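I have placed the structure first, in the form of structure tokens, so that the comments after it can refer back to it.
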Amino acid sequence: MASVHSLASTVQQRLADALTAALPEAGSTDPLLRRSDRADFQANGILALAKKLKGNPRELATQVVERVEGDTIKDIEVSGPGFLNITLADRAIIDTLAARAADDRLGVPLKENPGVTVIDYAQPNVAKEMHVGHLRSAVIGDALRAMLDFTGEQTIGRHHIGDWGTQFGMLIQYLIENPGQLAPADEVDGEQAMSNLNRVYKASRAVFDADEEFKERARKRVVALQSGDRETLDLWQQFVDESKVYFNSVFGKLDMEVRDEEIVGESAYNDLMPETARLLEESGVAVRSEGALVVFFDDIRGKDDQPVPLIVQKADGGFGYAASDLSAIRNRVGELHATSLIYVVDVRQSLHFKMVFETARRAGWLGDEVTAHNMGYGTVLGADGKPFKTREGETVKLEDLLDEAAERATAVVREKAEKVGLSEEEIVENGRYVGIGAVKYADLSTSANRDYKFDLDQMVSLNGDTSVYLQYAYARIKSILRKAGATVPTARPELELAPAERALGLHLDAFGDTVFEASAEYAPHKVAAYLFQLASLFTTFYDQCPVLKADTEAQVENRLFLCDLTARTLNRGMALLGIRTPERL
């Protein structure tokens with residue numbers, strides 16, 4: 001089904017047509033339409049137009065009102081110095097919502113010219129435990145991907161895991177001298193895999209720090225790894241495979257899918273890096289400075305106002321993150337045919353990516369047809385406003401955090417379980433969905449580039465801007481629909497709407513525009529804000545407008561229709577954020 005034109009876009013077009021008809025000399029003018037608490041919408045564009053035409057704004061507004069056509073608008077009032085207060089017809093609201101309800105996509109438009117977006121997110125390190133710092137990249141990236149997919153974009157995930165570097169010489173050499181430390185990846189679960197990796201890492205580090213001869217053997221092992229020695233690569237692969245088992249167990253707890261073919265770590269670009277360096281040097285984009293291959297930027301300076309270079313290749317011939325990231329861009333544009341690149345990385349890496357993107361543009365790997373966006377995210381803070389740590393001052397393990405969220409949420413679900421009639425299995429399952437949803441929503445309801453405080457008590461609260469509030473609103477609606485029995489939710493455009501029905505209806509109609517705009521702006525927090533307002537408006541509607549005990553059968557059906565569309569919108573919107581909506585809570 002084709003996308004449904006929102007009421008806002010319809011009114012916008014009616015006003016634009018009226019402006020052109022009444023004032024042809026004005027040309028194309030934006031009515032500047034917005035929602036208003038004095039009417040359904042307010043248009044402010046005539047004020048600027050009157051200034052341009054040197055006319056009286058109230059007189060111009062009156063001329064425009066006389067030219068407005070169509071039955072969408074019930075009433076237009078000229079207010080103040082020339083504002084237009086616009087009230088829609090009740091029939092138009094319900095007819096438009098009925099069109100949305102008839103569409104599986106709820107009328108959300110698809111992009112006219114979708115492209116290919118590669119999203120770089122969820123980047124853990126091989127042989128290292130995931131911590132709270134890995135949370136935001138995974139959650140934000142997963143939501144962005146769902147939103148872009150929904151608007152028709154083809155997305156490709158890339159998990160640029162840390163699977164290469166000097167520490168592997170230490171790990172592999174220890175494994176050679178102490179065989180049997182890692183079990184085959186298909187014989188361990190996530191907890192066992194991480195336990196094995198932790199044990200090997202700590203033991204190898206202890207030997208590395210205490211034994212100079214072992215340290216030298218480990219360094220030689222790095223050379224063997226980088227030169228492609230088969231025995232060394234096989235042992236390296238064991239670390240990667242065991243780590244993937246662990247990664248998948250953590251991502252499973254986060255209720256997100258990570259496809260194995262999309263885990264493409266630093267090692268995947270190893271063979272490309274010498275060519276990347278050669279191309280940059282031959283083109284003059286990079287130059288030699290004190291033996292290293294670097295790129296300079298006029299507008300990026302550090303201490304003493306000296307240029308801060310991007311180091312592509314170190315003086316000893318080794319490659320760093322810049323070479324890997326630039327090679328990844330070449331691969332993603334050249335092989336994956338990406339038209340957009342999104343990097344969901346810590347905001348502290350913003351300068352690095354600014355330099356990488358500018359280098360890629362100078363080299364011709366990024367151009368007008370390919371955009372690159374650094375979705376830098378802020379820090380997860382503790383209650384004290386400092387980076388979130390354990391009481392002992394250690395980094396919080398991501399698995400521990402997710403387990404605690406599920407436990408807290410299960411306790412909240414259990415309090416109401418008897419009233420709803422949930423089984424123990426349902427309590428535990430719903431508790432997990434509520435807990436993980438709470439963590440995700442707290443993250444996604446904050447603009448990505450801002451820090452936010454991690455407060456589990458607030459996150460699993462039934463009150464306030466939390467996912468639990470939204471999930472309970474959804475469950476309440478499903479309960480109403482079950483109690484309705486054989487009565488079918490049906491749009492009744494002939495009915496007069498109460499104020500709370502109008503407010504809910506107008507907000508439901510804004511879902512398509514909100515999702516489309518939030519996707520284009522890479523702004524999941526705008527979807528979260530929309531959903532919270534939707535749940536709040538539904539609560540007001542439910543308090544003020546009896547549903548099953550409405551005055552007439554037609555009113556019952558129409559209010560059930562509003563309930564049903566609200567539930568579907570909550571369900572779809574929460575799914576875009578990666579959050580489940582249990583039907584009974």
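Everything quoted here is computed from the prediction, not taken from an experiment.
Note on R145 versus E262: salt bridge recorded, some NZ/NE/NH1/NH2 to OD/OE distance being below 4.0 Å. Under a 4.0 Å N-O distance rule, the pair D403/K253 qualifies as a salt bridge. Taking a cutoff of 4.0 Å between a charged side-chain nitrogen and a carboxylate oxygen, R580 and D255 qualify as a salt bridge. A salt bridge is defined here as a Lys NZ or Arg NE, NH1 or NH2 lying under 4.0 Å from an Asp or Glu carboxylate O, and K526 with E521 meets this definition. A salt bridge links D346 with R348: the distance from a Lys NZ or Arg NE/NH1/NH2 to an Asp or Glu carboxylate oxygen falls below 4.0 Å. Salt-bridge formation is not detected for the pair K453/D384: no Lys NZ or Arg NE/NH1/NH2 atom is positioned less than 4.0 Å from an Asp or Glu carboxylate oxygen.
Side-chain contact annotation: S6 with D509, donor-acceptor N/O pair under 3.5 Å absent. In the model, D465 has a side-chain atom that pairs as donor or acceptor with a side-chain atom of Y441 under 3.5 Å.
The backbone N or O of A475 sits nowhere less than 3.5 Å from a side-chain atom of S479 that would complete a donor-acceptor pair. Proximity of a side-chain donor or acceptor of E153 to a complementary backbone N or O of L148 within less than 3.5 Å is not detected. A side-chain donor-acceptor contact under 3.5 Å links N430 to the backbone of R584. One N or O on the side chain of T276 and one on the backbone of L272 form a donor-acceptor pair closer than 3.5 Å. In this structure, R105 contributes its side chain and F150 its backbone to a donor-acceptor pair below 3.5 Å.
Aromatic rings of H507 and Y530 (six-membered ring for Trp) have centroids within the 6.0 Å cut-off, being under it. If you look at Y246 and F251, their ring centroids are not closer than 6.0 Å. Residues Y522 and H373 place their aromatic rings such that the two centres sit under 6.0 Å apart.
Proximity of D40 to L7: side-chain heavy atoms (C-beta onward) are nowhere separated by under 4.5 Å. Residues V396 and L401 have side chains in contact (heavy-atom distance under 4.5 Å, counting atoms from C-beta outward).
The two atoms that bring Y469 and L462 nearest to each other are CD1-O, 3.4 Å, heavy atoms only. The minimum heavy-atom distance linking Y269 with R158 is given by the pair OH-CD, 4.2 Å. Between V258 and N248, the shortest heavy-atom contact is O-OD1, 4.0 Å. Nearest heavy atoms, L366 versus A372: CD1-CB, 3.8 Å. Residues P109 and F516 share a closest heavy-atom pair of O-CD1, 3.4 Å.
Between W236 and F168, the angle of the ring planes goes over 60°, which puts this pair in the perpendicular group of the 30/60° scheme.
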Evaluation steps, side-chain contact (heavy atoms from CB on, under 4.5 Å), between V245 and D189: CA-CA 7 Å; V245 173; D189 60 20; 5.5 Å; no
